[in-house]
Enquirer: 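After the structure tokens below, expect a handful of questions from me.
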Amino acid sequence: MNATEFLSRVHAFASRLGVIKGTRVVIGVSGGADSTALLVVAKQLEWDVKVIHFNHHLRNEEAIRDRHFVEGLCDRLGVPLQVIDLDVKGYAAQAGISHEMAGRELRYHRFADAYLDGDCEFIMTAHHSDDNIETVMLNALRGTGVHGLAGMRPLNRHLVRPLLCVTRADIEDFLIEIGQPWVDDSTNKENLYQRNRLRNIVLPTLEEQFPGARKRLLNTIEATASGVALYDELLQEAFKNIIGYVAYNGVVIERVDLVRLNKYINAQTLMFEWLHPRGFNAEQVRDFMNAVACSRAGAEFISSNYTLLLDSHSADLVRNFYIEIDDSEVPFNQVDDSMFYLTHGIMPFDTSMIDGRTTIALPNELFYYNYEFKLRHRRNGDRIRLYGMRGTRAVNDVLADNKVPTFERRTAWLLMRGDEVLWIVGVRASAACVVKEGSTDYVIIEYNPRVPYLS
């Protein structure tokens with residue numbers, strides 16, 4: 001492939017991705033062959049280019065050399081350049097990850113900043129087809145699903161990879177033909193990282209033993225990516241069938257209909273594809289499906305950002321910060337007055353005055369000690385003594401019996417006197433809340449759920 005053919009192939013590929021003359025792009029340029037070629041192509045195809053060069057502060061003199069090279073290249077091409085210093089070592093130590101992974105995450109964070117600041121329509125990286133083969137093989141060796149076998153997407157929202165249509169050899173041949181030098185990263189020749197070992201040892205050996213292996217691997221990746229695109233369409237249709245949205249106190253919850261879910265032969269796969277992007281791993285998804293099969297209502301599964309709450313016929317997915325429960329106790333006399341209405345007995349008491357859920361009655365002899373009353377959220381192990389029952393019952397079971405969704409059970413409020421549950425607010429009163437018919441020695445407490453608890 002000569003330089004003209006190279007340019008024509010990248011032009012056609014990028015055009016299909018929506019990158020045309022005048023498109024505003026930001027390119028990460030290290031000075032290596034790949035990113036140097038991408039910048040040269042961008043200028044020749046008249047994209048509106050800005051360059052970011054990252055200094056990872058890992059290679060000392062080489063890093064300085066790379067910066068000077070990129071500065072000179074951008075100056076010659078008339079391209080705006082921003083140099084960004086990254087604390088890769090510090091970030092890696094803090095996150096407990098490798099320098100390679102830390103550098104990648106930091107670069108993409110800065111790319112995202114550039115996009116959000118409106119500097120461009122697309123972010124561009126110089127990944128080529130050999131990179132794609134390495135990525136798929138690493139994914140396979142580490143263990144992956146179908147998406148990991150489909151390789152890197154040429155277009156992923158605002159991220160474009162216009163060189164996936166060419167090989168590393170094509171790139172170097174192009175640069176040599178047009179007389180454009182580049183700089184080499186000496187660490188690429190070291191086999192400290194898995195990707196380097198794959199690039200320098202495994203793939204050359206594979207190509208030697210199975211001539212044409214790279215081309216066939218690329219064909220397989222392309223076919224897999226095409227199949228995954230269809231797979232994703234079918235997933236979205238399935239998600240529409242089993243997942244809905246409900247609102248509770250201003251919080252939008254994703255709710256899975258378990259009856260509909262269980263009609264799918266591949267229900268576990270559906271749940272993995274839905275939950276994995278939200279931080280859940282394969283083992284958690286298996287445990288969730290086992291809990292569904294065993295009808296373990298009340299089971300919880302937690303990722304870094306979400307909690308999945310299992311109910312009898314559904315499961316709710318909630319962001320963790322919505323259900324971080326304040327475990328403190330609030331004196332009843334400090335609760336907002338409009339939250340609970342108090343009516344002191346004048347008329348003879350009749351059970352029709354209360355419903356035992358949002359309206360309860362307390363004997364004055366009990367309410368006299370209301371300064372001891374506290375309001376707090378439900379805790380594991382809470383129990384309530386119900387009228388007509390021997391012993392006590394778990395508060396969570398009472399909530400379940402009253403069809404309170406799992407998400408709401410976590411935030412249920414209890415009226416306490418010491419360790420005694422007097423009232424599951426809005427649900428059920430305890431046996432202590434009993435007033436004799438005809439008595440005028442009572443107080444009625446009415447709950448207004450539309451008002452915040454604290455004043």
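Computation of the quantities below employed the complete heavy-atom set of this structure, encompassing side-chain atoms and omitting hydrogens, waters and symmetry-equivalent molecules.
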Enquirer: Who are the ring pair (Phe, Tyr, Trp, His ring centres under 6.0 Å) partners of His158, not counting sequence neighbours?
Expert: Tyr115
Enquirer: With Asn266, which residues qualify under side chain to side chain contact (heavy atoms under 4.5 Å, CB included), at least two apart?
Expert: Tyr264, Thr269, Leu270
Enquirer: Would you compute the distance between atom CG of Leu81 and atom CD1 of Ile52 and round it to the nearest 0.5 angstrom?
Expert: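 Rounded to the nearest 0.5 Å, the CG-CD1 separation comes out at 9.0 Å.
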Enquirer: For the pair His377 and Trp413, name the ring-plane relationship: parallel under 30°, tilted 30 to 60°, perpendicular over 60°.
Expert: tilted
Enquirer: Is it true that the NZ or CZ of Arg110 lies under 6.0 Å from the centre of Tyr108's six-membered ring and within 45 degrees of the ring axis?
Expert: no
Enquirer: So how far is it from Trp423 CH2 to Ser430 OG, rounded to the nearest 0.5 Å?
Expert: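 Taking CH2 in Trp423 and OG in Ser430, the distance rounds to 11.0 Å.
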Enquirer: Phe272: what forms a ring pair (Phe, Tyr, Trp, His ring centres under 6.0 Å) with it, not counting sequence neighbours?
Expert: His276
Enquirer: Please give me the minimum heavy-atom distance between Met353 and Pro348, naming the atom from each residue.
Expert: CE-O, 3.1 Å
Enquirer: Please identify each residue that fulfils side chain to side chain contact (heavy atoms under 4.5 Å, CB included) with Leu155, with sequence neighbours left out.
Expert: Leu17, Phe122, Val160
Enquirer: Side chains of Arg161 and Asn132: do they bring a donor and an acceptor to under 3.5 Å?
Expert: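 No, no side-chain donor-acceptor contact under 3.5 Å.
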Enquirer: Quick one, Arg296 with Asn290, criterion side chain to side chain donor-acceptor pair (under 3.5 Å). Give me CA distance, side-chain angles, the key distance, then yes/no.
Expert: CA-CA 9 Å; Arg296 282 174 42 213; Asn290 287 336; over 6 Å; no
Enquirer: If you measure only the distance, is there a donor-acceptor pair under 3.5 Å linking the side chains of Ser352 and Asp350?
Expert: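 Their side chains do contain a donor-acceptor pair, which is all the 3.5 Å distance test asks for.
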Enquirer: Considering residues at least two apart in sequence or located in another chain, which fulfil the ring pair (Phe, Tyr, Trp, His ring centres under 6.0 Å) criterion with Tyr91?
Expert: none
Enquirer: Looking at Glu420 and Lys374, is any side-chain nitrogen of the basic one under 4.0 Å from a carboxylate oxygen of the acidic one?
Expert: no
Enquirer: Which distance, rounded to the nearest 0.5 Å, do you find between the CG of Leu308 and the CG of Leu317?
Expert: 6.0 Å
Enquirer: Any side-chain heavy atom of Asp66 within less than 4.5 Å of one from His53?
Expert: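 Yes - at least one pair of side-chain heavy atoms lies under 4.5 Å apart.
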Enquirer: Give a yes or no on whether the backbone of Arg216 and the side-chain of Thr220 come within a donor-acceptor separation of less than 3.5 Å.
Expert: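 Judged by distance alone, yes, a pair lies under 3.5 Å.
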Enquirer: Residues in side chain to side chain contact (heavy atoms under 4.5 Å, CB included) with Thr359, at least two apart?
Expert: Ile354, Asp355, Ile444, Glu446
Enquirer: What distance do Cys433 atom SG and Ile445 atom CD1 have between them, rounded to the nearest 0.5 Å?
Expert: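 Between atom SG of Cys433 and atom CD1 of Ile445 there are 7.5 Å.
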Enquirer: Excluding sequence neighbours, so at least two apart, what forms salt bridge (charged side-chain N to carboxylate O under 4.0 Å, His left out) with Arg255?
Expert: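 For Arg255 the salt bridge (charged side-chain N to carboxylate O under 4.0 Å, His left out) partners, ignoring immediate neighbours, are Asp316.
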Enquirer: Are the side chain of Asp48 and the backbone of Thr23 linked by a donor-acceptor contact shorter than 3.5 Å?
Expert: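 No.
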Enquirer: Quick one: CE on Met271 to CG on Leu258, what's the gap to the nearest 0.5 Å?
Expert: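 Result: 8.5 Å between the selected atoms.
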Enquirer: Under 3.5 Å, side chain of His128 to main-chain N/O of Val166, donor-acceptor pair present?
Expert: no
Enquirer: Between Lys50 and Gln82, is a side chain to side chain contact (heavy atoms under 4.5 Å, CB included) present by the stated rule, with each step listed?
Expert: CA-CA 8 Å; Lys50 292 182 180 179; Gln82 180 185 10; over 6 Å; no
Enquirer: Counting distance only, does the side-chain N/O of Asp382 pair as donor-acceptor with the main-chain N or O of Arg379 below 3.5 Å?
Expert: yes
Enquirer: What pairs with Arg195 under salt bridge (charged side-chain N to carboxylate O under 4.0 Å, His left out), at least two apart in sequence or on another chain?
Expert: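 With neighbours one apart ignored, the set is Glu134.
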Enquirer: Would you say that Leu362 contacts Val435 through its side chain, given a criterion of any heavy-atom pair below 4.5 Å between the two side chains?
Expert: no
Enquirer: Using atom types as modelled and distance alone, determine if a side-chain donor or acceptor of Ser129 lies under 3.5 Å from a backbone N or O of Cys165.
Expert: no
Enquirer: Under the salt bridge (charged side-chain N to carboxylate O under 4.0 Å, His left out) rule, collect the residues that match up with Arg428, sequence neighbours excluded.
Expert: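 Expected list: none.
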Enquirer: Assess whether salt bridge (Lys or Arg N to Asp or Glu O under 4.0 Å) is satisfied between Glu254 and Arg319, documenting all intermediate values.
Expert: CA-CA 10 Å; Glu254 294 179 89; Arg319 283 193 174 273; over 6 Å; no
Enquirer: Between Arg278 and Tyr306, is any side-chain donor less than 3.5 angstrom from a side-chain acceptor?
Expert: no
Enquirer: Taking it one step at a time, do Leu38 and Met124 satisfy side chain to side chain contact (heavy atoms under 4.5 Å, CB included)?
Expert: CA-CA 9 Å; Leu38 180 57; Met124 283 189 173; 4.1 Å; yes
Enquirer: Any salt bridge between Asp401 and Arg393, counting N to O under 4.0 Å?
Expert: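 Arg393 and Asp401: salt-bridged.
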Enquirer: For a side chain to side chain contact (heavy atoms under 4.5 Å, CB included) check, start with the C-alpha distance between Met347 and Thr440, then their side-chain angles and the critical distance, and finish with the verdict.
Expert: CA-CA 6 Å; Met347 301 292 293; Thr440 56; over 6 Å; no
Enquirer: Considering residues at least two apart in sequence or located in another chain, which fulfil the side chain to side chain contact (heavy atoms under 4.5 Å, CB included) criterion with His57?
Expert: Asn55, Asp85
Enquirer: Does the separation of the ring centres of Phe340 and Phe332 fall below 6.0 angstrom?
Expert: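 Judged by ring-centre distance (under 6.0 Å), Phe340 and Phe332 do meet the cut-off.
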Enquirer: Taking Asp87 for the side chain and Gly90 for the main chain, is one N or O donor matched with an acceptor at less than 3.5 Å?
Expert: yes
Enquirer: Tell me, with the steps shown, if Ile424 and Val398 meet side chain to side chain contact (heavy atoms under 4.5 Å, CB included).
Expert: CA-CA 9 Å; Ile424 307 172; Val398 176; 3.7 Å; yes
Enquirer: Tell me whether Asn281 contacts the main-chain N or O of Gln284 through its side chain, where contact means a donor paired with an acceptor under 3.5 Å.
Expert: yes
Enquirer: Could you pull out all residues at least two apart from Phe349 that satisfy ring pair (Phe, Tyr, Trp, His ring centres under 6.0 Å)?
Expert: Tyr442
Enquirer: Test: side chain to side chain donor-acceptor pair (under 3.5 Å). Region: residues 223-238. Which pairs qualify, not counting sequence neighbours?
Expert: His147-Asp232, Tyr231-Glu273
Enquirer: I'd like to know if the side chain of Ser439 and the backbone of Lys436 have a donor-acceptor N/O pair within less than 3.5 Å.
Expert: no
Enquirer: Enter the distance from Arg104:CZ to Ser98:OG here, rounded to the nearest 0.5 Å.
Expert: 11.0 Å
Enquirer: Strictly distance-based, threshold 3.5 Å: is any side-chain N or O of Arg260 a donor or acceptor partner for the main-chain N or O of Asn241?
Expert: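 Such a contact is found between Arg260 side chain and Asn241 backbone.
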